[in-house]
Amino acid sequence: MPKREPKPFDSLTGKLNGRQRAAVETTTGPLLIIAGAGSGKTRVITQRIARLLAEGVAGKTILALTFTNKAAKEMRERVRLLSDPTRSAPPISTFHSFGVQILREWITLLGFGRDFSIYDQIDKMSLLKEIAREVLGARNDVDLYSCAQTISAVKTGRTEWNAENDLYRPVADVYREHLRAYNAVDFDDLIVLPLELFERHSQVLDALRERYRYVMVDEFQDTSTAQYRIVEAVARKHRNLCVVGDDDQSIYSWRGASSLNMAYFERDFPERREIKLEQNYRSAHDILRAANSVIAHNRNRKQKELWTGLRADRCIEVFFPADEYEEARFIARTVRAIAGRGGVRLDKFGILVRTNSLIAPIEEALLGENIAYRVSGGTSFFQRKEIKDIIAYLKLIANPDDNVSLLRVVNTPRRGIGRKTVQMLRELSAERRESLYSTIQALIHAEDGRVSFKTRERLEEFVGIIEPYRAEFLAPRKLAEKLGRLIDDLNIRGHIVSEHPDNERPARLKFRSVMRFVDMMSAWENDPDVVAPTLFDFLARIALVNRDDNQEESDRRSVHLMTIHAAKGLEFDVVFLAGVEDGLIPHARALEEDESNIEEERRLFYVAITRAKRKLLLSACRTRRVMREVQERAASPFLDEIPDELIHVHEPDEPVEQRDAGSFFDQIRARLGLGRSDCRKRSPTPCVYRSRMIISTRRFFARFSSESFGATGSLPPFPV
DNA sequence: GGCGTGTTACTTTTT
DNA sequence: GTAACACGCC
């Protein structure tokens, strides 16, 4: 980040349009900003914060809440650029990390310990699995996934127990008890337990209201009702609550986001001001027209129409590759062509997909074309098995009551504590009403006929490793150094190597990621912004952050590859949307659940389109490999909602494709002694599409070099 | 009683 | 590509 002088106060609102300026200048009282895609929303929010600071409001009294860590980080940086660095910066966090802060301070009032564990999806599922076995016994026909969803929905007040979901109720009851016993909370608790504190201990809310005089919420359309209740409670007294949102970009209803929040806000803050931002500063005219016409098919929405002054020709192209490999290759080669000849920087490209599984083939093709890329979201680094194991050790060290973490690592690496021993420990700990860890400790010292000498020795070995570190990690700082020693003591390297007996490559890779994890910890604790680097804070951070954000600094100049959900709030000069197919967009699963989900799926498509500034390339495969089988696919019905005249069908001309397209993989295959790629041996799939302008590959690539996108209007030239 | 091996099905989106 | 399960071996 380049260092810049703080802007003087009066230039803060200089380049804003009338409505934006009004939004920035309305610093007190409740305010609703309806901000369409690309309408300069982030700019308005950050300038509004800067304005508050310039008016003399102390940074720490402004609470800004966003939905994702990425958005929080970006906002922090932009506020920093606009404000006086010597003054306190406002805390900008996600709802969930705000929840962690509240709980860290007051959770003991609810009978939890301060060093509670935070369970992610994987921890939660393994706990539920354990409980289902315990409670339902032989009845293993229950769908744990929908069980988890029901528990979450009930907990956050989205539904109630009824005849239909009642079979999950016993599981839910035990689940709650277990979390409490393990001194653990799940993601829902990070929102729900603060609310419980508000209700039962008024001093908590009093303190928060005193602390935060100004509250801002970004992506308001994606907040759940429980989240809204937190915000409302904190802001009720001072009434300086500003919410910013766009109902057309609501794509998280499956996670509890509710359009009711808007109605609640209107009810709770009747004196609010409302400002609509409808001028789009991002996308070229055709892209915006396409987006508008797609979203107009939704019946359930607030009427608005985005407009722009930015003109450019031939912004939208559609391509129908034979399969996902051709699609991936098309994307990689087009990136190469535009970046090389059009002089567009790689980080100006966004490749978006509906599901994480579509990322892999594209990644491969980018690798093949030697294009630097970064993946956001997807299977998180912290979800990898080898990393989860290390984290489980740390969690157990921080919180010995954490049975889920203990069960994960008690026999990893193998130390002869198998199913029978674990079963015995379970029974004993239930009897003694204490955690597994305490039970193990007690067993080592006491005489108990149920435990053989050998088993006792093995348990002693386990505790012998953990115990010294419990004392050490109690003290903050030098955490990475301690972790390094723990990894040595556990002989993680030997363990990983023994897991891959035949080839050492994956073993090396895995151990490298373990080492990278240690480096991340070290980088985190040495960050001057981190005041007290405790083990708890580190664990809380990695529980809530998908990916280490510091990492991104190093690979700045690379293509972004991610799901549409992860792309919300971002913008790119060139956007590829892969897999624009029926069943993917809209996703078959979503419609299966409820036909009316089609509107959210359409919003998702809308969000994807509106990420593009100058060029949008859509592709729909004619066949796609789904799990084991190759399926014939149809194009997304949403494609028909874009006016014909805006779309140019991209048809590669055969000779070029035949010769070049497969070459990289075929060469690899040839080198490995394999046959030619079988992805060309496919059945001819009819892909009947209304006739649209057809352009050849050669002309397509040539155009990028000569006209640089054919931009004719007021769009600035691409930076070289 | 633990562990290695071979089999299965699973992949919507995320804090 | 992987995680969970069943089976038979040590």
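Quick note on labels: first sequence line is chain A, next is B, and so on, each numbered from 1.
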Determine whether any donor atom in the side chain of A:His587 lies under 3.5 Å from an acceptor atom in the base of B:dT12, or the reverse, and answer yes or no.
no
Please tell me whether A:Asp323 and A:Thr623 have a donor and an acceptor in their side chains that are separated by less than 3.5 angstrom.
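There is no such pair (donor and acceptor under 3.5 Å, judged by atom type) between the side chains of A:Asp323 and A:Thr623.
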A:Asn298 and A:Tyr606 side chains, donor-acceptor separation under 3.5 Å
no
Selection from [options] that lies nearest to any side-chain heavy atom of [X]:
X	options	result
A:Arg255	B:dG4, B:dT15, B:dG2	B:dT15
A:Asn411	B:dC3, B:dT15, B:dT13	B:dC3
A:Thr421	B:dC3, B:dT12, B:dG1	B:dG1
A:Arg589	B:dT13, B:dC3, B:dT11	B:dT11
A:Asn69	B:dT15, B:dT13, C:dA3	B:dT15

Without decimals, in angstroms, what is the distance between A:Lys388 NZ and C:dA4 P?
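Those two atoms, NZ and P, are 12 Å apart.
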For DNA chain B, whose closest nucleotide is more 5', that of A:Glu601 or that of A:Lys420?
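Taking each residue's closest nucleotide, the earlier one in sequence belongs to A:Lys420.
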Taking for each residue the nucleotide of DNA chain B bearing the nearest heavy atom, is the 5' side occupied by A:Leu604 or by A:Ile417?
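Looking at DNA chain B, the more 5' nearest nucleotide goes with A:Ile417.
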Once you apply a heavy-atom cut-off of 4.0 Å, does [X] come out as touching a base, just sugar-phosphate, or nothing?
X	result
A:Glu593	base
A:Lys129	sugar-phosphate
A:Lys385	sugar-phosphate

Look only at the side chain of A:Ser636 and the backbone of A:Ile585, and say whether a donor-acceptor pair between them is shorter than 3.5 Å.
yes
Sequence neighbours excluded, which residues qualify as salt bridge (charged side-chain N to carboxylate O under 4.0 Å, His left out) partners of A:Arg508?
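Result, salt bridge (charged side-chain N to carboxylate O under 4.0 Å, His left out) vs A:Arg508: A:Glu504.
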Taking 5.5 Å and 30° as the limits, would you call A:Tyr252 and the base of B:dT14 a stacked pair?
no
Can you list every stem that DNA chain B is part of, counting only runs of 3 or more consecutive Watson-Crick or G-U wobble pairs with both distances under 3.5 Å?
B:1-9 with C:2-10
